[in-house]
Each structure stands twice: as structure tokens, then as C-alpha cells.
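One structure is given here, and the rest of the page talks about it.
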Amino acid sequence: MILADFPLPLQVYPDREAVELPAGSVLVHREAAEERSRAEGGWPPQRWDVLPIFEEDPHDFHFLTEDGDKWPLRSEKRLTEFWARSGEGSICIDITGISTHIWPILVRSALGTGRQVDALYIEPAAYNFRGDPDDWALYELSERRIGVEPLPGFGGLRGVPSERLTFVALLGFEGARIAHALERDEIEPGKAISIVGAPGFRPEYPIHTILSNRIVLRDDDRWQYVRYVRANCPFSLFRQLDEIALSAPEDVLRIALMGTRPHALGAVLFAVLSTGRVELIHDYPIPHRNRTSGHSRALLYHLSEFAAGLTTGPEDEAT
Amino acid sequence: MEAVPPGASIDPADKRVESELLAAVFGAYKDEWLDKDVFGYFEEPQYWPDLSGRRPCVLEGGRGTGKTTVLRGMSYQGQFARAEHNIGSVGEWKYFGLYHKIDAGRVTAMRGEELEEEQWIRLFSHYLNLILCDSLCGLLAWLEQHGIAVDLPAASCTAVAATLNLEPLASHQALAGAIRESLDHFESYVNNVADGGGPRLSMRGAPVERLIDSLREQTFFADRSFVFLVDEYENLEPYQQRVVNTLVKHTKPGWSWKIGVRELGWKDTSTLAASEWLEDPADYRRIPITSRFDDAAFRTFAAQVCSKRLQRLWSELAAAGREPRGGPDLERLLPGLSDEEEALALGVEKQILEVEPVLGRVARKLEMEAPTRPSPLTQYLILHWSETHPDEGGLDAVVEDYLRNPEKWSGRQVNYGRQALFSVREGLSGIRKYYAGWEVLCRLAGSNIRYLLQLVEQSILKGIVAGGELGDPVEPRWQTVAAFEIAEKNLRQLEGRSSEGAQLQRLALGLGRIFGELAARGARGAPEVDQFELGEERLSATEEDRLERLLREAIMTLALVRERSNKSQSPLEVKGDLYSLHPIFSAFFTFTYRRKRKMKLAPSVLLGLIDEPRRTLAPLIGDDPEDDSEHRGTAVEIAQIAIFEDDFDDPR
């Protein structure tokens, strides 16, 4: 695969109020407990339709719309219908408040419509530190985790032996999450590549990420296999994943979405657009109500534009 | 592993060669990582004979107890490697083991609200057929690669294909390709399962049986059997376990099952038939690894495992012209300390200076012959007893009691001698208790071979880094430092071992503080308390469920080990059992690694250690509680009951 060079198709706004979407767009949005996911004053320009979605149990395989309709995640047909109902304009998926087991399948199905597809992400002003200084963890952003499972619609069931797995850990501020995924899969250190978001949303965040994951990184010298990718850039992550995939062309890439949402978006794009075998896993965290405070920059990622810019290289043609 | 070239010029002071080789030989302690080397280090455990034969077996043990090594050792690849890659040995094999690790990242995709469980059962049964047939085809391909061609007639391939609802196929290679294609379609289907449609499903076990029958019709496989080696069974959903259980219950001639599962990981022992369970020994043989290993048996097995690695290390170094001094003898390399030696190492001599003059003076007062000088540890116990029992009248009175009642003090030494060691350096920095010696390291490992490999590697490494030579006995202090660091590492890693990991870590930290505090009290409390059972207390249904879930997770992740107190209850019930922190943690918190005495802990205290560790711990470990009188009273009472109700003079 050949990746388009810079400029990457993204726009950065100082805050949510400054975001501009094409007229006639539909913005799929979920209001969660975090302040950054709430648009209390409405969306200023209001030149687009906001399509709110709702979630019930954190482990459900569906989401709901205002009319009470239930939309299964593992149904290409129903998701096609979902988008058909939203008109013909461009699609923007606000990945800030929608749970990570839901928005990836929306991204995949939206890209299948042939319409312009963007994703919106609002950075928080800050992640909140853990209260108890005696604890070993810096942050506790989730109350608990349900368990590591394939992301709905992105599971792999082919008979690939475990030694042909390359594990990509998208690191966040809760080291236990990735540690659990690595422990469960018992991945050999050299086959587990960790991604740190650097530069981060804030200058200090990369070191917080390293500190939060120090146990995993120190064990078995995993620190030797760390790569750094801008925390808010899915396209840079896509590029990095492409490099990793090329270095192990026979392997299945199992990517653990436990870092930043823009990184998770990059992994989803890679799973959708690459020709290799990719599995996405997630641990269904129940977020703390006060995990973040405030809101900061807004980033608009032009996904369909990025997809259109990919071309098939000679290696792919040969295969 | 890359050997150092013979005759290479190496600075004798440079220990990197030794360190790197040590890490290479011991460091890759997870069977999954050793790759080809896994078979080079293979040792048959004591229970190996129980695994042979046609009877299905369930190998049960925590992480690191060697299940994977054993199962992979039984696989055809393992058999071949253990036969030193002699393809001629294949002709003598009685069975072909087919290893399959259950990948939770995959099988958990087959659950969800879109289908009823009955439908998931049919889907999973079909998936299992595909996977098992694929592994049988993999065996044929492997044999072919090694020059043994077993051709399956087209009619047989077509018959198998028919059971999988595939088109007629002319060869096993074509069958393998069609199965892989079916798996691809199956994956796409599950990822859009709500859309309906779906593949035509096969009957549970039918394609596997047909394929095995066809293979056994071939001369090469006649009178030989196939064994499915299913590892990490705990990763299957309960309904998926029922599907496999059903196949195990109705095992057909020519094939069998050996299953590896974590303790408590076998969530459902029933089959798909109503009121039908897998029963031991009627249907299978259960092999609980930990209880099969008493201390001596584990030491023997562990010595075989470690010696093989040490011999490899010694020969690599010899090839590099750096042969270590002495042989790779574990007891010599890892010497321990007797209680008396440890007392001296901890510095009791400085503390007991006043005891001997008092002994002489009191003996003269009693007109007794001057006693033989008691050992330093005994003198320390006398002193410590007088300090911890002020109501007994001070040092002179305690010495008098010692001289008048030698039998009583003989028993006291048995009960409290080792306990007193924990208090020698109370409140001081540095080593407060030694954890050293091959036997002690084996006890710390708690029948866990992975922990033991870590302890041995790090002890030897610490010895080298401290300036010793590889092959020299490792000083007890470096073994102790290694044990402390391994304990800390595993404690920190607890957080990642489960989705409840953070809670388990807090539980372990809290319990460790309690047991450490009880140990440091020395003769003020019960000797060597390191187990607990749950006290009677009414909890809400939600709290009961949570406690049960946490205990199960704690056992599965080796935060806790349990001792069944009621053998008649189901192996899946946990709440009536006796628990202790895994002995690997004892060096970090400084408490005993020997399972000796128990205390009672109220369930609410256990949950309090997780939810409000400071408040819960303060009254239990003697800190000044800030405020919380109600809770404090309960906890203190429980701690006191626990300490004073036990029969101290009847060590189990």
C-alpha cells in the first residue's frame, strides 16, 4: 500500500464551537458523562443535522436512536439502512462520546456508503489524576473493565496459530488494561509492539503514558519495541501500522484499542482499508464519571478523503 | 541461543556473557516463548503416566504450573523434538497429539444478543469441527513435509467434505484448502451475524469422527489414536465448554482429549444433554497439578527442570572457555540458613548481650548449676518474650521460668523460634528476614515452575552483579533481594492479570500488610499466621456476588491460593475454603511462606481492604485510625478473635 504524503486530511480547531462541517451533513453524536462530549450550547453553526444515538448496557451489541429503534452492530444490512435514513449528505461521526465498541463499526459502514465521511474528536482539557497517592497507578479513568474481547464486527476466527500473531498495543494512561491483554494472549516480547502517543495532547502526556505503562514496558524488555506516533493523528498511526504489517507479512495483526481515540480510529481505518488480516480487541471499560475535565481542541478527520488517497503499490498487486 | 565463539577473547571481569546466557536459559520462562527450545528443556512431571492412555484428562493448575509445556510436549511436534528430530521415531508413536490453544480473542466473538444460545451452540459446534479437522489436515501436511505421505482416498475426502457441507474433494490438500475457506466465510458471517443467512452447519463431532475413521483406515494410522490437546480451556464461554464436554463424554474410538485449564476456569462441567455431567473418574481423570505436587515432589521436578537449564548454561560457558567453578548443583549454588544462622545474620548478638549475665545470676539465685550457654536464638527468644509479655515480670522472671521449665521452653522454641526471627529487625531498614536456600525458593514458588525459574535466575544474577562468580554459592542476602524483587514484580503485575486486577492488587496489598504486621509482632501474637477463612457475616446479595467473583479471580490469577476445607463441596465453590496469599509474596511483605495457622476475616473487612484500604487497615495493623469508630471496632474485634482463638501449640 502506498500512503499519501502530507498534508494529512485533518483540520484542527481551537474548540468545538469553531468546527465547520459541510452544509447538509449529518453529525452522529452521543452525549456521555464527560463534559467534552456535551454540547450544552448546541452546535453553533447548526447548518447540519445532529443525529443523537444512545447506549444501554456497556456490553450490548447495539445502539439506539431517538425513535427507539435498535441498531445491531453486527449487521451490515441494518447499518446500511441506518445511513440511508440519514440523507445523502456527508457523514460526520463524533467519536468523543460514543463507546469504543460502537463507533468503529459506524466508521466502517459509513465508509461503505460512498459519501464523504469525517470523524470529530474533542480533546479534553485534562485527564484527572487518581486521588490516592499510595496507589501505583497514576490515573484511574475507568471504574472497571468487562474483559478483553474482539470488537464487534472486527473479530478473527480463522485458524491462525498464536505464534503468527503480531500484537500492537495502543497505550493509554491505564497500564493495567494493556497488561491484561498481553497477559491473556501471552505474547512474546518481540511480537508485541507498543505505541505511545507522542507528541501528546499536552507536552507532559507522553511521559505519563510511559509511567502508567512502566510495568508492562519494563517486563521482558518490552521498552525496546515502543514506537511513537502523534497522539491525535489516526493517519500517522495508520502509517505506522502499515510499516509493522510489512515487517511481518505472514502475521495477523491484533491491535488492542486502549490508547487515545484518534489512535483507535487509525487502527479501525487500517482494519477497514488494508489488505492484511487485522483483528481489533477492546476491554469494554466502564468510564469514571470524572475521568476528564473540560474540553480543548477539536479535530476533524477526513476519512473518506484519506481512503481515496490510498493507492495500491506493486507489492499488493503482486499478491 | 547464540553461543560465544570458542576461544574468543573475553575480559574475565566482564560478566555480560554469563548474564546474557543466564537470561537466555532461564529468562524465557513462558512456554509460549521458548518456541523450539520448549522441547529441549522438556521434563516429564510426576503425573505424566496419568496422562497417557486413552482416557480423557483435565490438567488443572494456575498460570506457570507447566500445563502448556506438558500439552505441547504431547503434541506431534513435541514428540518429534523430544525424539531429537528423528523422523524414524514417528513409526513407533502410539498417538498423535494435536495442540490447540483456545484464543479468547477469537472465541468470545461467538456470543451476543443477536442469537439464542441454542443457535450459538450450533455455530460453535460447526466452528469446532472446522478447527479440529484443520488440525488433522495440518498433521498430514507436516508428515508430508517430513517425507511421510499419507494419501487419503478421494472417496474419503469427499465423505468428510459432505459432513462439513462442502463440495466433493479429491485430496486431503484440497480438503485443507476448503476448510480454511470455510473458516474465512465463517468469520465474515459472525462479524455480521445479525444479518442472518450463515453457513450450512455440520453436526457436532461428525466430520472429525469421519476424518479420523478415514485416517485410521490407512495402514500408517492403523491402531494409532489422535489426541486433541486443548489448552486454556478457561477461555471458552460456558456454553462452549458444554459443547466440548459433550464430545469428551462421548469420546469415540481412535481419539481422545487432554485439556489444560486454570483452577476454577472450568466454568461448566455439564454437557448439552439434560442432567448429564462429566464425572471424574467415570468420564475423565482430573489432575490438579498443585495438589499432585507435595513439597518434595515439586522439589524433585523443579530440580530436573532447573538442572537441565544449568547444564546448558555450564556447557555454553565451557565452550566459551569460561567454565564456571563447581558443578551446576542447585543446593550448593543456593545455600540456605538454619534458624540459628539466620538469627546471627540478622544481628541478634548485639541485642542479647544482657541475657547471659542474667542467666548466670538467676541460676546462682536458684542454686542451679550454671546452664549450658543457650544458643543466640534461644537467648533472643527469652529476651523477646520478656519484652512482649510485660506481665510476666521482666527478664529475670522469664529467665527463671526458662531455667525451671525446660520442657515448656522447648515447645516454645518450636512454636516461636522462627516467629521471633521476624521481630529481630522490626522497624529497622535492610533485610528483616532471609528467604534463601533451594528448598525455601521452592516453597516460595508454591509449585509454580515459572516463579521458581524467575527466583533461580534472579538469585544467580544478583550474585554475579554483586561481584561473585557464576558457579559460586549465592549469598543468602542476594537470594533474599531476588525473592523480594520477584515478589514485588508479581504484585505489580497482578493489576494486569484480570479485568478486576486493580481490586486484586489492593486485596493482596492489604492482606500482605496484615500478615506482615502479625509476623512482626513476634511472640506477641500467634506464631506464623498466614491463612484466613471468612467469618460469619451477612452481606447484601450484591456484595456476596462481588466477594465470590473476587475470590475466584484471586485464585485464578494466583493472588490467593486456597486449601479446600470441605472436600465434599463442589470444586467450583470457594467461599468455605481456607486462603493464603501466594507464598511468592511473602518476601515482599515479610511473613512466613509456610502454611501454618489461620485467622478469621470478616467478608466486609476483605471488601474494605479493596474499597477503603487505609481505613480498614489502620485498626488491624495498629496505626492510629483517623475516625471511623464503628468500622474500627468490628475490625479490631475480628483481629483479636482471630489471634486469640487459635490453638497456638498445635501447629498443623
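Letters A, B, ... are given to chains in the order of the sequence lines, protein chains preceding strands, and every chain is numbered from 1.
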> Based on non-hydrogen pairs under 4.5 Å, which of B/Ser498, B/Ala104, B/Ala109, B/Ser135 is most in contact with chain A?
Replying inline: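 The candidate making the most pairs under 4.5 Å is B/Ser498.
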
> Of all of B/Gly112, B/Ala194, B/Gly501, B/Gly196, which one pairs up most often with chain A through heavy atoms under 4.5 Å apart?
Replying inline: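 Counting heavy-atom pairs under 4.5 Å, the top option is B/Ala194.
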
Whether over 12 other heavy atoms sit under 6.0 Å from [X] [atom1]:
X: A/Glu76; atom1: CD; answer: no
X: A/Arg164; atom1: CZ; answer: yes
X: A/Gln224; atom1: CD; answer: yes

>> What part of A/Ile105 gets within 4.5 angstrom of chain B, counting heavy atoms only: side chain, backbone, both, or neither?
In response: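 Neither part.
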
> Which bit of B/Glu113 is near chain A, if near means a heavy-atom gap under 4.5 Å: side chain, backbone, both or neither?
Replying inline: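 Both parts, heavy atoms under 4.5 Å.
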
> Do B/Arg492 and A/Asp219 sit within salt-bridge range, that is, some charged N less than 4.0 Å from a carboxylate O?
Replying inline: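 The answer is no: the pair does not qualify as a salt bridge.
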
With a 3.5 Å cut-off and sequence neighbours excluded, list the donor-acceptor pairs that the side chains of residues 149-157 of chain A form with protein atoms.
residue	atom	partner	partner atom	Å
A/Glu149	OE1	A/His59	NE2	3.1
A/Glu149	OE1	B/Arg111	NH1	3.4
A/Glu149	OE2	A/His59	NE2	3.4

Flag side-chain contact, heavy atom, 4.5 Å: [X] against [Y]:
X: A/Glu279; Y: B/Arg106; result: yes
X: A/Arg254; Y: B/Asp103; result: yes
X: A/Arg74; Y: B/Glu114; result: yes

>> Looking only at side-chain N and O atoms, does A/Ser75 offer a donor or acceptor that is under 3.5 Å from a partner on B/Asn192?
In response: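 Looking only at side-chain atoms, A/Ser75 and B/Asn192 do not form any donor-acceptor pair under 3.5 Å.
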
> Got a second to check how far A/His180's NE2 is from B/Ser499's OG, nearest 0.5 Å?
Replying inline: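 Here the interatomic distance stands at 5.0 Å.
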
> About how many Å separate CD of B/Glu495 and CZ of A/Arg177, when rounded to the nearest 0.5 Å?
Replying inline: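 One gets 12.0 Å once the value is rounded to the nearest 0.5 Å.
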
> Does B/Asp611 have any side-chain contact (heavy atoms from CB on, under 4.5 Å) partners at least two apart in sequence or in another chain, and if so, which?
Replying inline: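 B/Asp611 satisfies side-chain contact (heavy atoms from CB on, under 4.5 Å) with B/Arg546, B/Leu607 once adjacent residues are dropped.
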
